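Got a structure for you, written out below as structure tokens; questions coming shortly.
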Amino acid sequence: MSDKITKASRHVSQNEGLIFEKSSPGKRAFDLPPLDVPAADPAEALGANHRSEGVAGFPEVSEIEALRHFTRLSTWNYAIDLGMYPLGSCTMKYNPRVNEFVARLDGIATEHPLQPEVLSQGCLKIMRLLEKCLLAITGMDALTLQPAAGAQGELTGLLLIRAYLESQGDARKKVLIPDSAHGTNPATAVIAGYQVENIKSDSHGQIDAEKLRELVTEDVAALMITNPSTLGIFEQRISDIAAILHAKGALLYMDGANMNALAGVARPGDFGVDVMHLNLHKTFSTPHGGGGPGAGPVTMKKILEPFRPVPVLVEKAGGELTLEQDRPHSIGRVKAFSGNFGVLVRALAYILAYGPGIRQATEDAVLNANYIRKHLEGVFALPYSLPSMHEVVFSDAIQKQNGVNTMDIAKRLIDYGFHPYTTAFPLIVPGALMIEPTESESKEECDLFIEAMRAIAAEAASDPDIVKHAPHTTRIGRLDEVTAARKPILRWSQGRK
Ligand SMILES: *Cc1c(COP(=O)(O)O)cnc(C)c1O
């Protein structure tokens with residue numbers, strides 16, 4: 001029977017070549033009826049020098065070949081819709097289909113940001129309502145929805161701090177950043193024109209408040225803190241930290257990308273934060289990955305409000321909404337129009353679907369992370385023992401004894417049907433395994449993940465080579481990631497093999 005099978009492999013998609021390799025001259029993916037009007041002379045219509053004889057090397061394939069090619073490629077992708085995607089820090093959660101439905105409604109998807117404001121009142125109301133929700137969740141006084149990502153929110157936040165301090169007569173020189181912060185934080189501070197001073201975490205992964213007291217001088221503009229930190233741990237002395245900064249006229253910036261550990265439970269505005277960004281594409285569930293689109297709104301206390309990016313959404317006396325451009329102290333525009341509106345719509349849909357129950361999402365995210373922690377503790381080393389919030393960070397110290405590192409374990413996880421967790425981050429944990437299940441996952445899926453991780457740990461002890469050379473079930477095995485990043489080949493060119 002098996003000799004009747006003439007396919008090159010069991011799964012056609014595993015052998016898919018480049019579309020250029022399928023090309024044969026004259027093939028077309030469409031068929032038009034003969035022209036029944038006089039043909040225009042293209043040279044006359046366009047001008048001879050605008051006329052092309054075709055694109056050299058452009059693939060020529062039939063409709064079904066084009067369709068199958070891209071459909072097969074699409075089956076190589078791992079996606080949140082296929083299974084758990086436990087990338088720590090990235091908050092890869094389920095994106096409810098109702099968000100997509102709402103974002104595609106006529107009157108939302110079809111609106112243009114340049115249409116007159118009288119015709120845009122519905123969209124402006126959506127933005128207004130989202131603003132109110134985000135202020136309620138963060139406990140802040142004002143915000144901007146403009147930034148397109150978390151990192152751009154950080155930059156906006158630091159520019160607000162700079163503008164405020166300059167208005168006080170001194171922009172100051174330094175921004176303090178703990179070693180448990182996200183990597184974008186120091187990059188942001190430098191782009192905003194500040195020197196970065198690193199603060200070492202104590203043995204519990206917390207900021208040493210006494211050390212901080214020494215470091216906060218009249219030169220310090222702000223502390224940028226990721227809370228919960230990239231260790232997944234809440235800064236227990238956050239109010240004291242805020243007080244230390246405020247006593248010296250410095251401000252507290254919070255990287256709020258981990259707000260899925262706090263929403264509905266604790267409000268940064270209440271524990272002393274002056275300005276923070278949110279990652280709507282993480283916490284409030286809009287599809288992300290592959291570079292966007294995203295939204296990184298910045299919420300702030302009153303003192304920073306005059307400096308907000310323009311335009312600012314305001315309500316006129318009769319209740320009509322308008323985008324105000326004339327704000328003399330504004331840091332200016334940070335993004336075209338009003339940000340990534342489609343992302344804002346999806347985030348609002350998500351928040352409204354939960355309503356006050358957003359607390360439930362937070363509690364489930366924390367519960368799932370701790371469930372995984374409890375079942376993997378001892379199997380994997382736990383470098384910091386304070387309670388985990390929405391994610392848990394292990395290290396590969398136990399598996400290292402058999403020469404197996406976090407990257408090997410992550411690659412082996414692919415063979416078990418899971419997307420890898422985040423490897424080697426945060427930097428303060430050597431050989432980190434950073435795992436974030438999010439609230440989306442059922443107990444059954446968490447159990448499967450735990451089982452896979454325990455099985456890999458057993459393999460690392462009994463047959464380390466199988467882990468070290470993973471993945472074994474993918475079309476291509478272990479990639480040379482360094483060369484791929486340093487010398488990327490992003491374009492096919494004719495004749496290159
Ligand atoms: C993802 C993330 C960022 C950066 O957000 P982008 O939207 O990717 O720019 C910053 N800080 C933390 C803690 C994050 O997890």
Side-chain angles (χ1 to χ4, degrees), residues 80 85-93 95 134 138 144-159 175 177-192 196 201 205 207 222-235 238 252-263 268 273 275-299 334-335 339-340 342-344 346-347 362 365-366 369 388-393 419 421-429 432 434-439:
I80 193 72
Y85 209 121
L87 267 188
S89 206
C90 296
T91 314
M92 305 299 287
K93 60 168 78 170
N95 307 294
L134 298 180
T138 56
T144 173
L145 295 172
Q146 264 185 41
Q152 203 193 8
E154 292 170 28
L155 181 61
T156 304
L158 279 207
L159 293 177
V175 168
I177 303 185
D179 54 9
S180 59
H182 194 264
T184 47
N185 294 188
T188 296
V190 169
I191 293 174
V196 172
S201 299
I207 290 182
L223 169 71
M224 278 185 102
I225 193 171
T226 304
N227 192 25
S229 70
T230 54
L231 294 166
I233 297 175
F234 189 81
E235 280 295 338
I238 186 75
L252 179 55
Y253 183 94
M254 187 178 114
D255 179 330
N258 295 337
M259 199 62 197
N260 58 327
L262 304 181
V273 171
V275 48
M276 65 179 287
H277 77 265
L278 293 161
N279 284 51
L280 298 191
H281 44 293
K282 293 179 181 170
T283 310
F284 300 107
S285 181
T286 80
H288 71 113
V298 173
T299 69
V334 298
K335 172 86 177 75
N340 282 329
V343 176
L344 305 181
R346 288 171 175 83
T362 302
V366 173
S388 292
M389 300 292 287
H390 61 297
E391 61 196 356
V392 55
V393 179
H419 191 282
Y421 50 77
T422 295
T423 54
F425 179 79
L427 299 177
I428 51 172
V429 175
M434 187 194 216
I435 298 165
E436 179 177 14
T438 82
E439 82 280 5

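Remember, predicted model here, so these are calculated numbers, not experimental data. Computation of the quantities below employed the complete heavy-atom set of this structure, encompassing side-chain atoms and omitting hydrogens, waters and symmetry-equivalent molecules. Atoms within a ligand are numbered from 1 in the order they appear, just like the ligands themselves.
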Exercise. How about Leu262 and Thr362: do any of their side-chain heavy atoms sit closer than 4.5 Å?
Worked result: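 They are not in contact (no side-chain heavy atoms under 4.5 Å apart), so the answer is no.
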
For this session: Before signing off on this row, confirm whether Ser89 and ligand 1 have an N or O atom pair separated by under 3.5 Å.
Result: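 N/O-N/O distance under 3.5 Å: yes.
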
Problem set entry | Lys282, portion touching ligand 1 at heavy-atom distance under 4.0 Å | side chain

For this session: Kindly compute the distance separating CE (Met276) from CG (Leu252), expressed to the nearest 0.5 Å.
Result: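 Nearest 0.5 Å value for the CE-CG distance: 10.5 Å.
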
For this session: Could you establish whether His281 and ligand 1 come within less than 4.0 Å of each other, counting only heavy atoms on the residue side?
Result: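 It does, in that a heavy atom of His281 comes within the 4.0 Å cut-off of ligand 1.
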
Exercise. Taking both backbone and side-chain atoms of Ala151, is any N or O found less than 3.5 Å from an N or O belonging to ligand 1?
Worked result: yes

Exercise. Can you list the atoms of ligand 1 that are under 4.0 Å from a heavy atom of Ala149?
Worked result: 7 (O), 9 (O)

Seminar exercise, completed: For Glu154, the ligand 1 atoms with a heavy-atom partner under 4.0 Å come out as 10 (C), 11 (N)

For this session: Taking only heavy atoms of Ala257 into account, list the atoms of ligand 1 that are under 4.0 Å away from them.
Result: 2 (C), 11 (N), 12 (C), 13 (C), 14 (C), 15 (O)

Exercise. Counting both backbone and side chain atoms, is some N or O of Asn279 under 3.5 Å from an N or O of ligand 1?
Worked result: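 Yes.
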
Problem set entry | Which atom of Thr184 lies closest to which atom of His182, heavy atoms considered |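 Heavy-atom minimum between the residues: OG1-ND1, 2.8 Å.
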
For this session: Say whether, by atom type as modelled, one donor and one acceptor occur between the side chain of Glu436 and the main chain of Glu391 under 3.5 angstrom.
Result: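 No: the side chain of Glu436 does not pair with the backbone of Glu391.
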
Problem set entry | Protein contact to atom 6 (P) of ligand 1 [nearest heavy atom, distance to 0.1 Å] |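 Going atom by atom, the protein heavy atom closest to atom 6 (P) of ligand 1 ends up being Gly150 N, 3.4 Å.
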
Problem set entry | Note, Ser89 side chain near Met434 side chain (heavy atom, < 4.5 Å) | yes

Problem set entry | From the candidates Thr226, Asp255, Asn185, the one that places a heavy atom nearest atom 11 (N) of ligand 1 |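 The nearest heavy atom belongs to Asp255.
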
Exercise. What's the spacing between Tyr253 OH and Ile225 CD1 if we round to 0.5 Å?
Worked result: 12.5 Å

Exercise. When rounded to the nearest 0.5 angstrom, what is the spacing between OG1 in Thr226 and CE in Met224?
Worked result: 7.5 Å

Problem set entry | Partner of Met254 under side-chain contact (heavy atoms from CB on, under 4.5 Å), chosen from Ile238, Asn227, Val275 |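 Running side-chain contact (heavy atoms from CB on, under 4.5 Å) over Ile238, Asn227, Val275 with Met254 returns exactly one hit, Asn227.
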
Exercise. Heavy atoms of the protein only: does one fall short of 4.0 Å from atom 8 (O) of ligand 1?
Worked result: no

Exercise. Considering only heavy atoms, which of His277, His182, Met224 lies nearest to atom 3 (C) of ligand 1?
Worked result: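 Residue with the shortest heavy-atom distance to the ligand atom: His182.
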
